[in-house]
2 protein chains.
Amino acid sequence: MVKRKTIGSEMPEIARMRQTASSARKPKRRRLDPTEREREIIEGAVAFFAEVGFDGGLRDLAQRIGTTHQNLLRYFPTKEALIERVYEEVYLNRWQPEWEALLHKSDRSLEDRLVAFYEDYLAAIFNYEWVRIFVFAGLKGVDITQRYLGLIQSNIIEPLARELMVSEGKEGKPSPLEMEVAWALHGEMFYLAIRRWVYALDTPQDLGAVIRMSVIRFLEGAPAAMKKVPAAERRGLLPKAL
Amino acid sequence: MVKRKTIGSEMPEIARMRQTASSARKPKRRRLDPTEREREIIEGAVAFFAEVGFDGGLRDLAQRIGTTHQNLLRYFPTKEALIERVYEEVYLNRWQPEWEALLHKSDRSLEDRLVAFYEDYLAAIFNYEWVRIFVFAGLKGVDITQRYLGLIQSNIIEPLARELMVSEGKEGKPSPLEMEVAWALHGEMFYLAIRRWVYALDTPQDLGAVIRMSVIRFLEGAPAAMKKVPAAERRGLLPKAL
DNA sequence: GAGGATAATTGCCGATCGGTCACTAACCTA
DNA sequence: TAGGTTAGTGACCGATCGGCAATTATCCTC
């Protein structure tokens, strides 16, 4: 038999579980309840593709889970179907509809609301799997990332820009300038995740402190910045399609 | 002959150049000066890997350039060697040593210096090839990205934090808190590039205007933010290793 | 314990991968 | 125009890819 290159370093402990105590033989086959096996596959796939990207091979994934690549294809007709399931798992299942409401609760200061939202949001997405899969998918040009960011734009960025306007006594649809300021705050947060999970750089232990600092800087600086940027330049802020 | 899947859509026009006028035959082989061919390969490789990632095949790359994959291997002994050359091309060749000095010129306001620097910096990196290759390399865990970001940290972020301190009348080595504020400004800028070149979202036409707004917001908000974040929390800003 | 249902595996397929080697053809010099 | 140098390519290799079909083994029921 050909020796196979292993991506992960350790043998999957799962695969050892049922092996006979007396010998270090090949691990016995595990016959699981299909729903249980499916979960195992999905979670294994999320971890695996987050690590090596979607070009990772099914055989390596299977070995890590403790099964064979044909078994994966019994549960998902094609690799593409499995990947689609991974998107679903990562994006849809981790989106909290109440986030938008969080930004609107007017019984708390905007500062508190923003801090509360970003603490919640980062708690959901600031992890190895989510961030890397999101970036891998973006590079691949998968349309679900654009739909997700459309959701961010309409449910987070625009409400945020609106709240900023309200606190300035303005109203109506946010201008490109105001949208851009809101994106900037969001970008700060996301870049933290990029630093940590894409480039493996040190990031602060306590995200709460960074969030608070970014939010305060945002509320403190945005009004002045928007006033100071000459009106003549604002036309340049209109989005440019590719 | 087996039909080959093409990544790009159009036939490379180069390959057609010398073909006989009378017939639509197979393009003649082009015998180039080696240095010229090498440049063609390198530039083709940068564009190709930026688009599809480093898992892209040599045959597809070769077809796009208008040659064969064997010819690539005559110029670079292995695929890995070619990729290494791509890193060199993208990172080292586009780094401007004078950037650090730009931040220190004290005859201009800090605002002007920051705007000037980021206009220069984004002019160098805000493009499809640089951004995507940088992200692909980061996900792959290539050490050159960490070296590059180390350069950013010591030559840009820390000087920036120092300038911020000077403008506040402080001096000495920047604290983690001050470093984090500086990273936040940088992150805003880089996230613009991510939005545009990874997620293909609309971004403002005139980067100058966004840069100015971010810089003003930075200078306007940072002092207040750093004062307001309770000292007790600052310990949490200490970087955490992975 | 026997037998059936089905989860899981072994074996295989064509296509494609990076890479080697021997051959072909373009250009320069005489 | 002949010959030599060398840029470029066709044919092929072992390994690996996603996926199909036939086989094996585990668990449940009687």
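Quick note on labels: first sequence line is chain A, next is B, and so on, each numbered from 1. Note that the structure is a prediction, hence the values are computed from the model and not measured. All values below were derived from every heavy atom in this structure, side-chain atoms included, with hydrogens, water molecules and symmetry-related copies excluded.
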Problem - Distance-only donor-acceptor test (3.5 Å): side chain B:R31, base D:dG8 - result: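 No pair found.
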
Exercise for the section: Please state whether the base of D:dT24 and the side chain of A:R29 form at least one donor-acceptor pair under 3.5 Å? Expected result: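 Side chain to base: pair present.
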
Exercise for the section: Would you kindly compare A:Y75 and B:G57 by the position of their nearest DNA chain C nucleotide and give the one closer to the 5′ end? Expected result: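 Result: A:Y75.
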
Euclidean distance, atom [atom1] of residue [X] to atom [atom2] of [N] [Å, nearest integer]:
{"X": "A:L72", "N": "C:dT9", "atom1": "CG", "atom2": "C1'", "value": "12 Å"}
{"X": "A:R74", "N": "D:dG18", "atom1": "CZ", "atom2": "P", "value": "19 Å"}
{"X": "A:F76", "N": "D:dG18", "atom1": "CZ", "atom2": "C1'", "value": "16 Å"}
{"X": "B:E40", "N": "D:dA7", "atom1": "CD", "atom2": "P", "value": "15 Å"}
{"X": "A:F54", "N": "D:dG18", "atom1": "CZ", "atom2": "P", "value": "14 Å"}
{"X": "B:N71", "N": "C:dT24", "atom1": "CG", "atom2": "C1'", "value": "13 Å"}
{"X": "A:D55", "N": "C:dG18", "atom1": "CG", "atom2": "P", "value": "11 Å"}
{"X": "A:I65", "N": "C:dA8", "atom1": "CD1", "atom2": "C1'", "value": "14 Å"}

Exercise for the section: Test A:F136 against A:V142 for side chain to side chain contact (heavy atoms under 4.5 Å, CB included), laying out the working first. Expected result: CA-CA 9 Å; A:F136 271 124; A:V142 180; over 6 Å; no

Practice task
Pick base, sugar-phosphate or nothing for B:R37, based on heavy-atom distances below 4.0 Å to the nucleic acid.
Solution key: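 The residue B:R37 makes sugar-phosphate contact but no base contact.
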
Problem - Check: A:Y199 ring centroid to B:W183 ring centroid under 6.0 Å - result: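 No, ring centres 6.0 Å or more apart.
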
Exercise for the section: Examine B:H186 together with B:F117 and report whether their ring centres are nearer than 6.0 Å. Expected result: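 Between B:F117 and B:H186, which both carry aromatic rings, the centre distance is not below 6.0 Å.
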
Handout entry: Audit row: B:E129, B:V90, side chain to side chain contact (heavy atoms under 4.5 Å, CB included) steps and yes/no
Key = CA-CA 8 Å; B:E129 296 178 351; B:V90 170; 5.9 Å; no

Exercise for the section: Would you tell me whether A:D120 and A:W99 have side-chain atoms, one donor and one acceptor, within less than 3.5 Å of each other? Expected result: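 Indeed, the side chains of A:D120 and A:W99 share at least one donor-acceptor pair under 3.5 Å.
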
Handout entry: Basic-acidic side-chain contact under 4.0 Å: A:E180, B:R195
Key =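 Judged by the 4.0 Å cut-off on N to carboxylate O distance, A:E180 and B:R195 do form a salt bridge.
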
Using atom names, set out every protein N or O paired with an N or O of nucleotides 19-22 of chain D below 3.5 Å, distance rounded to 0.1 Å.
{"unit_1": "D:dG19", "atom_1": "OP2", "unit_2": "A:K79", "atom_2": "N", "d": "2.7"}
{"unit_1": "D:dG19", "atom_1": "N7", "unit_2": "A:H69", "atom_2": "NE2", "d": "3.0"}
{"unit_1": "D:dG19", "atom_1": "O6", "unit_2": "A:R59", "atom_2": "NH2", "d": "3.3"}
{"unit_1": "D:dG19", "atom_1": "O6", "unit_2": "A:H69", "atom_2": "NE2", "d": "2.9"}
{"unit_1": "D:dG19", "atom_1": "O6", "unit_2": "A:Q70", "atom_2": "NE2", "d": "3.3"}

Problem - Polar side-chain atom of B:R37 near backbone of B:R30 as donor-acceptor pair, under 3.5 Å - result: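 Checked: pair present.
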
Problem - Intermediate values then yes/no, side chain to side chain contact (heavy atoms under 4.5 Å, CB included), B:F134 and B:W197 - result: CA-CA 11 Å; B:F134 189 62; B:W197 303 116; over 6 Å; no

All N/O pairs under 3.5 Å across the protein-nucleotides 1-3 of chain C interface:
none

Exercise for the section: Please state whether the phosphate of C:dT9, meaning OP1 or OP2, lies under 4.0 angstrom from any side-chain nitrogen or oxygen of A:T68. Expected result: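 Yes, within the criterion.
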
Practice task
Using the ring pair (Phe, Tyr, Trp, His ring centres under 6.0 Å) rule, pick out the option among B:F54, B:Y148, B:W130 that qualifies with B:Y87.
Solution key: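 That would be B:F54; it is the only one of B:F54, B:Y148, B:W130 passing the ring pair (Phe, Tyr, Trp, His ring centres under 6.0 Å) with B:Y87.
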
